[in-house]
Amino acid sequence: MKPRVRFAPSPTGYLHIGGARTALFNWLYARHTGGTFVLRIEDTDAARNTHEAVDVILNGLRWLGLHWDEGPLTSDATGPGKGDRGPYFQSQRKENYDRRVEALLSHGLAYEHQGAIKFKMQRAPVLIPDLVVGDVLRKLTDREEVDPDFVIVRSDGQPVFHFVNVVDDLEMGITHVIRGEDHLSNTAKHIALFRAFGVEPPKYAHIPLILNADGSKMSKRDRGASLTTYLDEGFLPEAVNNYLCLLGWSPKDNVEKLSLAEVVERFDLPQILRHNAKFDFEKLVWLQGEYCRELAPDRFYELGVHAFAKAGVDTNTFDTNYVKAALDTCRGKIKTFAELPAYAGFYFRDEITYDPEAAKKSFVPENKPRVEKLRAAFAKLATFDATSIEATLKATATELGIKVGVLIHPTRLAVTGNPNGPSLYHLLEVMGKEKTQARIERALQTSFS
RNA sequence: GACCCUAUCGUCUAGCGGUUAGGACAUCGCCCUUUCACGGCGACGGCACGGGUUCGAUUCCCGUUAGGGUCGCCA
């Protein structure tokens, strides 16, 4: 029988990066085994259950490319879904829960208590066989020694998480529960519930948690906790996926960068690590840079335009070929698209401000005649392309008996305002002779001291 | 308070009784270079502690410490 796994988030308004990894590991296992990946929305908390909150989950998974075989197609709980084990929203499954509660009640396995319904939990320790952690013998805590029974239906009629989670896993035919280790202790309750329904529980695989760099629990407001952050900061889903795979799982052969397809081939449950991992933003940025550098020109262009738009720069007012050429000089230079507006904003803005420190170094009196000479040499150029610009600049430096850098730094600063950036020869070609000369002229007039 | 999980460079990890403890990110040098980035070379840096078991422990067992998780009419 092919495995059936599920990702069962509750719509809280954001998708936690740890949740994203849980989804990823479930997806990887399904793809590795040829099984089925189910998405189920645990929206029993009506107060938080909004379309927007569900869309955050749906869009997050879609962005990562973790497509589900069964589950909702839209954020509408009563809307369409795919798969024949639905509904895939818990808010639509009340009859199932009612029926299961009745069954427990009629068998004397649950009882009413102060308006709520409690499950008769076994008093003996529960053995939890876990594919990642191994066999865990869960004993009762001191509180549970007093009363091991737990509420499965609140006095307002709402069934609680432990109960609905088990009922759904049972009825949806889930064979492997892959989830965060924060659920390990409670698995005893789930196993007891499955047995009460007369079935064997699924296999469990509790994966380690992702912690902050300082080792504390990663919660909503912590940097990088929300998947949306990566979308907003111009990360690539392939980089995020790759990095997430490396947290708690290892390809074991000193390979760091690998595609999801490669991971699908190698991934399996027993090799998942047992200890928590701290989130290393720097390493993610490194991977991001690796993927960013390899980006095809048209995708780089598309994402670049988007990044500028987000920064309030409308590149549509410029000629498409100009924008494409401009962005092309940035390929291989930046790591995240969030850097782009600062890195290459000079292409799309007339007023440029000079980096003060660089200006102090480059816009000095002895450089003025040198830059003037360069501008005069540029003036004679019939073709203003990278090759002739380079040749002219080098020839001028030779005539002046100086290193090329002495001309390059003030010129770059005059044209871009920045001490660093894309290849100078190429960016000047993109800017064009007219703008280049105007900017050099302006710097000469106003800024050399 | 009780119960559960975990412990290799700062971080992610390889290791599964005998290794000069390997790789990657980060950091620091040098090289390349029009800046930055890339790339190349090198350096720094680790088996939490204490007992066992064993001819021999990073590796197996116990304890301590530390970190994380759970014990809800939250999910």
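Being a predicted model, the structure only gives us computed values, none of them experimental. Residue numbers begin at 1 in each chain, while the letters A, B, ... track the order of the sequences. Values below: every heavy atom of this structure, side chains too, minus hydrogens, waters and symmetry copies.
Regarding contacts with the backbone of B:A2, every side-chain N or O of A:K139 stays at 4.0 angstrom or more from both OP1 and OP2. Residue A:R154 places at least one side-chain N or O closer than 4.0 Å to OP1 or OP2 of B:C74. Dashed line: the shortest gap from a side-chain N or O of A:K283 to OP1 or OP2 of B:A26 is not under 4.0 Å. For B:U34, neither phosphate oxygen OP1 nor OP2 lies less than 4.0 angstrom from any side-chain nitrogen or oxygen of A:S423. For B:U11, the OP1/OP2 oxygens have a side-chain nitrogen or oxygen of A:K278 closer than 4.0 Å.
Look at the C1' atom in both B:G39 and B:A75: the space between them is 49 Å, to the nearest Å. Here the separation of B:C60 from B:G17, taken at their C1' atoms, is 9 Å to the nearest Å. For the C1' atom pair drawn from B:G50 and B:U58, the interatomic distance equals 16 Å after rounding to whole Å.
Checked against B:G22, B:G10, B:U6, the side chain of A:H275 finds its nearest nucleotide in B:U6. Listed candidates were B:C12, B:C71, B:U34. Nearest to the side chain of A:A277 is B:C12.
Ring geometry for A:Y29 against A:H176 counts as tilted: the plane angle lies between 30° and 60°, on a 0 to 90° scale.
At a cut-off of 3.5 angstrom, the base of B:G68 holds no donor-acceptor pair with the side chain of A:N276. Put simply, the side chain of A:S155 and the base of B:C73 share a donor and an acceptor less than 3.5 Å apart.
Between A:W249 atom CH2 and B:A14 atom C1' there is a gap of 13 Å when expressed in whole angstrom units.
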